[in-house]
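Chain identifiers are assigned alphabetically (A, B, ...) following the order of the sequence lines, protein sequences preceding nucleic acid strands; residue numbering begins at 1 within each chain. Note: hydrogens, waters and symmetry copies are ignored here, and every other heavy atom, side chains too, is used.
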Amino acid sequence: MFRTRFAPSPTGYLHIGGVRTALFCWLFARRNQGKFILRIDDTDQERNVEEALAPILAGLRWLGIDWDEGPDVGGPHGPYYQSQRSALYQAAVDELLRRNMAYRDYATTDEIQAERDAAVGEKRDFVYSRRWMAETPDAQRRFEAEGRAAVVRLKMPRAGTLVLEDLIRGRVEFAWAREQDHVIQRADGSCLYHLASVVDDRAMEITHVIRAEEHLSNTPRQVFIAQSLGYELPQYAHLPFVAEPGSKVKLSKRKLDKYFKNRDFASLVEHGRSIARRIGLETSPEEFNPVVVDFYREVGFLPEAIVNYLALLGWSLDDKTEHFHRRELIEHFSLDRVNKAPASFDAVKLQSFQDRHMQELPPERKAAMVIPFLERAGLIPAPATAADRARVEALAVAAGDRIKVAGDVLEFADFFTPDDELSYDEKAFDKRIRHSAGAVELLGRFRATLAEVELFDAGTLERSLHAFVEAEGVPIGQIIHALRVAVTGKGVGLGMFDTLALLGKSRSLRRIDRALGRV
RNA sequence: GGCCCCAUCGUCUAGCGGUCCAGGACACCGGCCUUUCACGCCGGUAACACGGGUUCGAGUCCCGUUGGGGUCACCA
């Protein structure tokens, strides 16, 4: 049975690169009928873990990346918070000391730094002299008498080669002599990440460590810990990281300022902000941007689209298939089709996946997605009435693929505003009505025609307008633009006849009257 | 700087020695459709980083160069 894990730190947000890693771990587990474990790396807990973890769990759940063991769901290998597992780490440290694979070290950070500086000055690799290493109780007492405190360091080999068979990278070799005697336990007794990670992976019976490439150079020390403890090694798979838009540098939340200067990134952000404003959502650039998964949820992206895009960022099935649903990804995913080179994050391409997934959504699902936005914007009562739901669904049908993210429904807010509160795009009003020769008269006459229409549906309306322009002997463009501005206040929108049908007869007439009245 | 990783259109990628004067997708540029917008349809521009090998034959294998990146914490 294969077991993979994702081990986020409670940072308060779910990073898009982290999600990609989680997704690959999850897909691999699901593909092989294995288990996916979520473990929280909170060894240096300064903040409120629960609070900082909530968005991460919520984000994973929203994306449909579910875990078999971990926070909330429990499991046989808990607790799943590293902060609650220190006894295990302590036992591992003791064992390492007992086996002489680690030692107590009494050097101060300044002393270590001095050695490091000296090595750099002499242009040689830094290797700790182990001058403050204490392997006997005597030595310990002597150093402690000087007022020193001990950390525990790994006693790394100083010769030989580690040969690693990485599932993605193939054979990778490291010279042991270049590895440092890393600290695994602080003077205060708390343990460091690498120790904890190895101990937990073993305890949780992780078979495949699938993580981002930046951990590749950390692997030797982890292998050393595992081997020193007599653990069987897991399989390693180091994924390429997700890079910045248009660059090969690792995507980082710390460089947001730079990304905001990227055109596509910036316009996605602006789109999101305009939706946020209308629903009264407080946003900060720090938390509301395309690097953070919450952003997509809040503006109404489809989790399926995000998953599809992210899966293709570093993995592919063949030379043409790009549109995947979760099921298909699970069916086809394999690590040997994962790329080695980093892939840069492209907001525009992500949007195109969103478009395609949105297009195949049936109207009732689209309506359900969109309703919360209308409610939050105060355009329909919350909870929506059955009549509202029906209207929204009709709107969703008429809107076709114009609603690209759920929040886009707010572009059609004018359907929900009272007729006497409709605002007008003055430029469009001038161009199409006020200064368009004959527009006002035509509009007036067509209003009369409209008043006679019995069945106010798109087909009937289309026939009557065509009959009207034929009788008038004018091209359809002469009136249709004016009509649109009159009933929606805007120069662009849905199909004209859908618009009228959606509004219904009395509201359409009232809006035409109001428009004519303000010329 | 040491070590490690990586290298096909602007971007994501296909390619696992011949079927590649390199295929698909997004973007871009034309055109069509059309009541606006959004779709849709048709067409187009655009890449094997460079240099050596190996081979009858290299985008594909090897070496080097260049370039890019990761990592070198008592962070995770």
Identified pairing partner of rG2(B), criterion: Watson-Crick or G-U wobble below 3.5 Å: rU71(B)

Sugar-phosphate, base or nothing in reach of Glu173(A), heavy atoms under 4.0 Å: sugar-phosphate

rA22(B) - base-pair partner by Watson-Crick or wobble geometry, distances under 3.5 Å: none

Separation of the P atoms in rC62(B) and rA47(B), to the nearest angstrom: 26 Å

Listed nucleotide nearest any side-chain atom of Asp319(A), set rC4(B), rG23(B), rA38(B): rG23(B)

Among Phe241(A), Phe6(A), Phe333(A), ring-ring contact (aromatic ring centres under 6.0 Å, His included) partner for Phe24(A): Phe333(A)

Arg186(A)-Ser190(A) side chain donor-acceptor pair, cut-off 3.5 Å: yes

Interatomic distance at P, rC32(B) relative to rC37(B), whole Å: 14 Å

Short side-chain N/O contact from Arg221(A) to OP1 or OP2 of rU71(B), under 4.0 Å: no

Close side-chain approach of Arg116(A) to Ile112(A), heavy-atom, < 4.5 Å: yes

Nearest-nucleotide comparison on RNA chain B, the residue closer to the 5′ end among Trp315(A) and Ala149(A): Trp315(A)

Sugar-phosphate, base or nothing in reach of Asp125(A), heavy atoms under 4.0 Å: sugar-phosphate

Glu111(A) CD - rA73(B) P separation (whole Å): 17 Å

Sugar-phosphate only, base, or nothing, as touched by Phe497(A) at under 4.0 Å among non-hydrogen atoms: base

Out of rG69(B), rC72(B), rU36(B), whichever nucleotide has its closest atom nearest the side chain of His481(A): rU36(B)

Touch class at under 4.0 angstrom, heavy-atom based, for Gly314(A) against every strand present: sugar-phosphate

Euclidean distance for C1', rA14(B) against rU60(B) (whole angstrom): 12 Å

Sugar-phosphate, base or nothing in reach of Val348(A), heavy atoms under 4.0 Å: sugar-phosphate

Touch class at under 4.0 angstrom, heavy-atom based, for Leu494(A) against every strand present: base

Under-4.0 Å side-chain N/O to phosphate OP1/OP2 contact, Ser316(A) with rC12(B): no

Sugar-phosphate only, base, or nothing, as touched by Gly477(A) at under 4.0 Å among non-hydrogen atoms: nothing

Under 3.5 Å donor-acceptor pair, Arg402(A) side-chain atoms to rC37(B) base atoms: yes

Distance in angstrom units between Tyr193(A) OH and rU71(B) C1', rounded: 14 Å

Sugar-phosphate only, base, or nothing, as touched by Ala107(A) at under 4.0 Å among non-hydrogen atoms: base

Distance-only side-chain donor-acceptor flag, Ser267(A) / Glu270(A), under 3.5 Å: no

Whole-Å C1' distance, rC50(B) and rA58(B): 15 Å

Polar side-chain contact His323(A)-rA25(B) base: donor and acceptor under 3.5 Å: no

Distance-only polar pair, side chains of Asp117(A) and Gln113(A), donor-acceptor under 3.5 Å: yes

Rounded distance (Å) that lies between atom C1' of rC12(B) and atom CG of Leu313(A): 7 Å

Touch class at under 4.0 angstrom, heavy-atom based, for Lys404(A) against every strand present: sugar-phosphate

Phosphate contact (rA14(B) OP1 or OP2) by Asn339(A) side-chain N/O below 4.0 Å: yes

Side-chain donor-acceptor pair present, Asn308(A), Glu304(A), cut-off under 3.5 Å: no

Proximity to the side chain of Arg116(A) - top-ranked nucleotide from rC72(B), rG70(B), rA27(B): rC72(B)

Sugar-phosphate, base or nothing in reach of His238(A), heavy atoms under 4.0 Å: nothing

Under 3.5 Å on both distances, the Watson-Crick or G-U partner of rC41(B): rG31(B)

Arg186(A) side-chain N/O to rC75(B) phosphate OP1/OP2 under 4.0 Å: yes

C1' atoms of rG67(B) and rG51(B), separation to the nearest Å: 14 Å

Aromatic centroids of Trp315(A) and Phe324(A) separated by under 6.0 Å: yes

Selected nucleotide, minimal atom distance to Ile480(A) side chain, candidates rC74(B), rC12(B), rU35(B): rU35(B)

Rounded distance in Å - CZ (Arg432(A)) to P (rU35(B)): 13 Å

Proximal nucleotide (of rG69(B), rC26(B), rA76(B)) relative to the Arg356(A) side chain: rC26(B)

Interatomic distance, Leu195(A) CG vs rC75(B) C1' [rounded to whole Å]: 15 Å

Test salt bridge (Lys or Arg N to Asp or Glu O under 4.0 Å) applied to Arg85(A) and Asp201(A), Asp200(A), Asp42(A), the passing residue: Asp200(A)

Spacing between Lys248(A) atom NZ and rU8(B) atom C1', to the nearest angstrom: 11 Å

Selection from rC12(B), rG40(B), rC3(B) that lies nearest to any side-chain heavy atom of Ser344(A): rC12(B)

Test salt bridge (Lys or Arg N to Asp or Glu O under 4.0 Å) applied to Asp181(A) and Arg153(A), Arg130(A), Arg221(A), the passing residue: Arg130(A)

Shortest side-chain distance from Ser352(A), nucleotide among rC74(B), rC26(B), rU71(B): rC26(B)

Sugar-phosphate, base or nothing in reach of Gln359(A), heavy atoms under 4.0 Å: sugar-phosphate

Contact under 4.0 Å: Ser217(A) side-chain N or O vs rG70(B) OP1/OP2: no

Nearest-nucleotide pick for Arg178(A), side chain only, options being rC3(B), rC12(B), rC5(B): rC3(B)

Sugar-phosphate only, base, or nothing, as touched by Arg484(A) at under 4.0 Å among non-hydrogen atoms: base

Glu214(A) side-chain proximity, nearest of rU36(B), rG2(B), rG70(B): rG70(B)

Check: rA25(B) base within 3.5 Å donor-acceptor of Lys349(A) side chain: yes

Distance-only polar pair, side chains of His215(A) and Gln222(A), donor-acceptor under 3.5 Å: no

Selection from rU35(B), rU71(B), rC5(B) that lies nearest to any side-chain heavy atom of Met496(A): rU35(B)

Between P of rG15(B) and NZ of Lys320(A), the distance in whole Å: 12 Å

Nucleotide rC6(B), atom P - distance to CD of Glu213(A) in whole Å: 8 Å

Of Glu179(A) and Ile403(A), the one whose closest RNA chain B nucleotide lies more 5': Glu179(A)

Touch class at under 4.0 angstrom, heavy-atom based, for Lys490(A) against every strand present: nothing

